[in-house]
Asks: 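Handing you this structure, nothing more for now.
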Amino acid sequence: MDWWDWNRRNLLSTIGNINWYCSYLAVALPLLLYCFWAGEGWRRIPAGIGAYVGTGAMLLQGSASGYAALAAMYGVLLFASLRDRRKLLRFLETALLPPLFSFLAWLTQMDLILPFDMEAAVGRIFTPLWGIPLGVLAVAAAVLRVAYRKGGRDRLASGRTLNIALASAAVCFVACVLIFAGCQISDEIWSFFGSPAFLRLGGEWGSGRGELWSAVWGGFCRSGFVTKLYGAGPDCFARYFYEVEALNLETIGQWEDAIYANAHNEWLNMLVNQGILGAAAYLGFFLSAFGRFWRMREKNRRMTAGMMAVGAYLANQFFSFGQVVSTPLIFLVIAVCENECRMTEAGKGNKDGRE
């Protein structure tokens, strides 16, 4: 391939293009972060190196869904760390990795070795402003380490801090949903927040996902009762929308004359193919797995890795679709964690999760 060919610039590795690569990282990176968070002794060194490289890969891969996955995995890790001072210290050390990578990338002028089409990433990632969260997190980690070494009462053990954090997260989530919904129906609300493009669901939103999702949702709403309930059939998205709904979306550039084989949203895609019952069962599988791991996390901290992977997968797949490099991997992670749960319940597992 010539240097300027689209394939050479966009197929990042043998894993595939940005969406495939990002989906793989959304499942693999939580496992690396967990090893750094939970590792002991010399094992933390290779775990830290792997987590640092994985974090840098996620920041550089170019898909915005990866940043949602990164936020989800760190959010889960934070909530899993709020009942123990030592775990919270480990979380702060793990949270140092993204700003550390970004700040060092700016300091070493890493953008000089990147291809020309990384200009957007250069402006977003390589900035000295990353020094602010890096310094704040480093100071917080140092203060907490001193407090941990001094011993004394661990005020996190009561669970009050965790409950406050969970309640605050729920309030923030509801507020974000209301703001996003308000921006769709009111120009004044949208203007109040500075009229950013990501708050208005238009045709170009999310690399054209806005137009696609609107068309898909409209087609689903127009379908019959049986189709709504059971779906159009496995992998029948393209057949239903191009033959029954006569979907006509304008595609340009390298995607001209391309056919959408899915909704580029795994949960919406499942709603079309498998209907309300199938989508509820499929999404319920992930949510129930997350809930089971959350309940078992105090008995076996390895469940934290499973929660992080499931949370990141749920977030990333809102903008992506099931793929051979990610979906089998998340099922494997869930299976391994379920085995850990059963061994712990039977009294055979490593209950404290130490490696």
Side-chain angles (χ1 to χ4, degrees), residues 22 25-26 29-30 32-34 36-37 44-45 47-82 84-114 118-149 155-156 161-162 164-166 168-169 171-173 175-176 179-180 192-199 308 311-312 315-316:
C22 179
L25 287 175
L29 179 55
L32 294 173
L33 293 176
Y34 168 78
F36 181 57
W37 177 79
R44 289 203 78 202
I45 298 176
I49 294 174
Y52 179 80
V53 172
T55 300
M58 182 62 90
L59 290 172
L60 288 173
Q61 47 79 35
S63 175
S65 65
Y67 307 135
L70 191 65
M73 63 184 80
Y74 268 106
V76 171
L77 186 60
L78 172 61
F79 288 124
S81 305
L82 286 177
D84 184 279
R85 189 162 51 191
R86 185 172 183 272
K87 290 180 180 179
L88 184 59
L89 173 60
R90 289 294 187 87
F91 167 78
L92 292 175
E93 293 172 350
T94 306
L96 281 168
L97 296 178
L100 177 62
F101 175 85
S102 302
F103 183 76
L104 290 180
W106 166 79
L107 194 65
T108 58
Q109 296 186 342
M110 184 178 176
D111 58 294
L112 296 179
I113 65 172
L114 294 175
M118 287 294 292
E119 293 179 358
V122 169
R124 179 173 60 250
I125 298 175
F126 307 120
T127 167
L129 294 178
W130 281 106
I132 298 175
L134 178 63
V136 171
L137 289 171
V139 171
V143 170
L144 190 58
R145 177 172 290 277
V146 171
Y148 174 73
R149 288 181 175 177
R155 299 183 181 276
L156 297 177
T161 302
L162 175 60
I164 293 174
L166 288 172
S168 301
V171 171
C172 290
F173 176 77
C176 290
I179 290 172
F180 186 79
F192 177 80
F193 289 98
S195 304
F198 69 90
L199 282 180
M308 292 171 65
N316 182 77

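Note that this is a predicted model, so its numbers are computed, not measured.
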Asks: May I have the step-by-step check of side chain to side chain contact (heavy atoms under 4.5 Å, CB included) for Leu60 and Phe101, ending in yes or no?
Replies: CA-CA 10 Å; Leu60 288 173; Phe101 175 85; 3.8 Å; yes
Asks: What distance separates Leu29 CG from Met58 CE, expressed to the nearest 0.5 Å?
Replies: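 Atom-to-atom, Leu29:CG and Met58:CE are 5.5 Å apart.
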Asks: Tell me, do Ser102 and Leu59 make a side-chain contact under 4.5 Å, heavy atoms counted?
Replies: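 SC-SC contact between Ser102 and Leu59 confirmed.
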Asks: Could you tell me which non-hydrogen atom of Pro99 sits nearest to which non-hydrogen atom of Leu137, and how far apart they are?
Replies: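 In this case the closest contact between Pro99 and Leu137 is CG-CD1, 4.1 Å.
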Asks: Taking C-beta and beyond as the side chain, do Glu93 and Arg44 meet within less than 4.5 Å on heavy atoms?
Replies: yes
Asks: With side chains defined as the heavy atoms from C-beta onward, is the minimum distance between Leu88 and Thr161 less than 4.5 Å?
Replies: no
Asks: Over all heavy atoms of both residues, which pair between Ala169 and Phe79 is shortest? Give the atoms and the distance, please.
Replies: CB-CZ, 3.6 Å
Asks: Below 4.5 Å, heavy atoms only, C-beta onward: do Phe103 and Pro133 meet side chain to side chain?
Replies: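 Of all side-chain heavy-atom pairs linking Pro133 with Phe103, none is under 4.5 Å.
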Asks: Hey, could you give me the OG/CZ distance between Ser81 and Arg86, rounded to the nearest 0.5 Å?
Replies: 11.0 Å
Asks: Here's a test for you: under side chain to side chain contact (heavy atoms under 4.5 Å, CB included), which of Leu156, Asp84, Leu82 qualifies with Leu162?
Replies: Leu82
Asks: Provide the closest heavy-atom pair for Ala312 versus Ala26 in the form atom of the first, atom of the second, distance.
Replies: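 Taking Ala312 first and Ala26 second, the nearest heavy atoms are CB-O, 3.2 Å.
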Asks: How far does CH2 of Trp106 sit from CG of Leu104, to the nearest 0.5 angstrom?
Replies: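 CG of Leu104 is found 10.5 Å from CH2 of Trp106.
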Asks: Could you walk me through whether Leu32 and Thr55 pass the side chain to side chain contact (heavy atoms under 4.5 Å, CB included) check?
Replies: CA-CA 9 Å; Leu32 294 173; Thr55 300; over 6 Å; no
Asks: Kindly compute the distance separating OH (Tyr148) from CG (Leu89), expressed to the nearest 0.5 Å.
Replies: 8.0 Å
Asks: Does the side chain of Phe36 come within less than 4.5 Å of Leu97's, by heavy atoms?
Replies: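 Counting from C-beta outward, Leu97 and Phe36 do come under 4.5 Å.
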Asks: Taking all atoms of both residues into account, what is the closest heavy-atom pair of Ala315 and Ala68, and its distance?
Replies: CB-O, 3.8 Å
Asks: At their closest point, which heavy atom of Val76 faces which heavy atom of Met308, and how far apart are they?
Replies: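 That closest heavy-atom pairing would be CG1-N, 3.8 Å.
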Asks: What residues, two or more places apart in sequence or in another chain, satisfy side chain to side chain donor-acceptor pair (under 3.5 Å) together with Ser63?
Replies: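 Scan of Ser63 (side chain to side chain donor-acceptor pair (under 3.5 Å), adjacent residues dropped) gives Ser65.
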Asks: Looking only at heavy atoms, which two atoms of Gly66 and Gln61 are closest? And how far apart?
Replies: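 In this case the closest contact between Gly66 and Gln61 is CA-NE2, 3.8 Å.
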Asks: Please determine whether side chain to side chain contact (heavy atoms under 4.5 Å, CB included) holds for the pair Trp37 and Lys87, giving the CA-CA distance in whole Å, both sets of side-chain angles, and the decisive distance to 0.1 Å.
Replies: CA-CA 8 Å; Trp37 177 79; Lys87 290 180 180 179; 3.8 Å; yes
Asks: My understanding is that only one of Thr94, Asn316, Leu33 makes a side chain to side chain contact (heavy atoms under 4.5 Å, CB included) with Met73; could you say which?
Replies: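 That would be Leu33.
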Asks: Find the distance between SG (Cys22) and OH (Tyr67) and round it off to the nearest 0.5 Å.
Replies: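 It is 8.5 Å, given to the nearest 0.5 Å.
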